[in-house]
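Let me begin by presenting the structure, written as structure tokens, before commenting on it.
Chain letters run A, B, ... following the sequence lines, proteins first, then strands; residues in each count from 1. Just so we're clear, the structure is a prediction, and the values are computed from it rather than from any experiment.
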Number of protein chains: 2
Amino acid sequence: MTDRDTSHRDASRTPAHPEAAEIRLEGVLHALSDPVRLSIVLDLAGSADDLACSHFDLPVTKSTTTHHFRVLRESGVVRQAYRGTTKLNALRRDDLDALFPGLLDSVLTAAAAEAARLTA
Amino acid sequence: MTDRDTSHRDASRTPAHPEAAEIRLEGVLHALSDPVRLSIVLDLAGSADDLACSHFDLPVTKSTTTHHFRVLRESGVVRQAYRGTTKLNALRRDDLDALFPGLLDSVLTAAAAEAARLTA
DNA sequence: CGTCTGCTTCGACGACTCTCGTACCATGGG
DNA sequence: CCCATGGTACGAGAGTCGTCGAAGCAGACG
């Protein structure tokens, strides 16, 4: 722990994220087409700031949860960062809005509308 | 063939479409997450009116084309109707806009933007 | 009538997805 | 230092998806 003091800190454990220019529309749509992932995104959008993975109450095991978060991360929908033992998740609102203006909002609105429609 | 005189005419050969209330957001997003289908929708949106299946120049065989059009129809994205030997396709803009306001437009805009971004 | 065109149906195959359980690692606290 | 906690890695299994070719059907047209 001399000059590599920060090597095992938060930033170094950050998993690989695609650049904004690497985000593909098909990938985003595919990521959002899964009910579990859509609920994650919906929950994430409803909260003001980052949420830990453990916050979500999903009907799948931890392995599957990891898988879904990876799909969301690799498609460019969320950004993940470690903080201690937990992992914080945040929507990449800025990047998505810049690339696909209005898309995220309309999907979120549509998801909320559909949820209301089906539970009515 | 007495009272069922119209049974083999255009309307009767119309394949099954989901009701507007049956359209699911996940299904729509999944349908749009395939490059071939997205290009179909894009082409369909660019044209003023219905387009025949034969109009599209897709990099797949005819069997696969049929498959993609079925996915689009069954997810509620397009409406299909026969006219003679050809089949006409049209976006279900009204239904989609009513269910998911702004979604279709933002996807179309995003697809056009991405196409321009990748061919630049 | 015969044939051509446009689309469908039916397997089939490879690839990918979602799911899981188990084993594992890395951080933080007693 | 040891263990509890939160998340990951690695198969593995069931299911779905995209693709194709070959065969078939329904109108159109000579």
Taking the minimum atom-to-atom distance to the side chain of B:Thr85, which one of D:dG27, D:dG7, C:dC7 wins? D:dG27
Which whole-number value in Å describes the distance from A:Arg83 CZ to C:dG28 C1'? 13 Å
Looking at the side chain of B:Ala52, which of C:dT19, C:dC7, D:dG6 is the nearest nucleotide? C:dC7
In whole angstrom, what separates B:Asp34's CG from C:dT17's C1'? 15 Å
Nearest whole angstrom, please: distance from the P of D:dC17 to the NE2 of B:His67. 8 Å
Can you list, by residue number, the residues of residues 54-64 of chain B that have a non-hydrogen atom closer than 4.0 angstrom to DNA chain D? B:Val60, B:Thr61, B:Ser63, B:Thr64
Round to a whole Å and report the spacing from CG of A:Asn89 to C1' of D:dG7. 11 Å
Atom pair CD1/CZ of A:Ile40 and A:Phe56 - distance to nearest 0.5 Å: 6.0 Å
Choose from D:dC17, D:dG7, C:dC18 the nucleotide whose nearest atom is closest to any side-chain atom of A:Arg37. C:dC18
Could you check how far CZ of B:Phe69 sits from P of D:dC17, rounded to whole Å? 18 Å
Atom CZ of A:Arg70 and atom C1' of C:dC20: how far apart are they, to the nearest Å? 14 Å
What's the CD-P distance between A:Glu26 and C:dC16, to the nearest Å? 16 Å
Is it true that A:Arg92 and A:Asp97 have a side-chain N and a carboxylate O under 4.0 angstrom from each other? no
Nearest-0.5 Å distance that lies between atom NE2 in B:His67 and atom OG1 in B:Thr61: 10.5 Å
Roughly how many Å is it from CG in A:Leu29 to P in C:dT17, rounded to a whole number? 15 Å
Could you grab the distance from atom CG of A:Leu32 to atom OG of A:Ser75, nearest 0.5 Å is fine? 7.0 Å
Between B:Ser106 and B:Thr109, is a side-chain hydrogen bond (donor to acceptor under 3.5 Å, both in side chains) present by the stated rule, with each step listed? CA-CA 5 Å; B:Ser106 57; B:Thr109 304; over 6 Å; no
Calculate, to the nearest 0.5 Å, the distance between atoms CG and NE2 belonging to A:Leu29 and B:His30 respectively. 11.0 Å
With a 4.0 Å cut-off on heavy atoms, is B:His68 in touch with a base, just the backbone sugar-phosphate, or nothing at all? sugar-phosphate
Does A:Arg83 come within less than 4.0 Å of A:Asp50, counting only side-chain N to carboxylate O? no
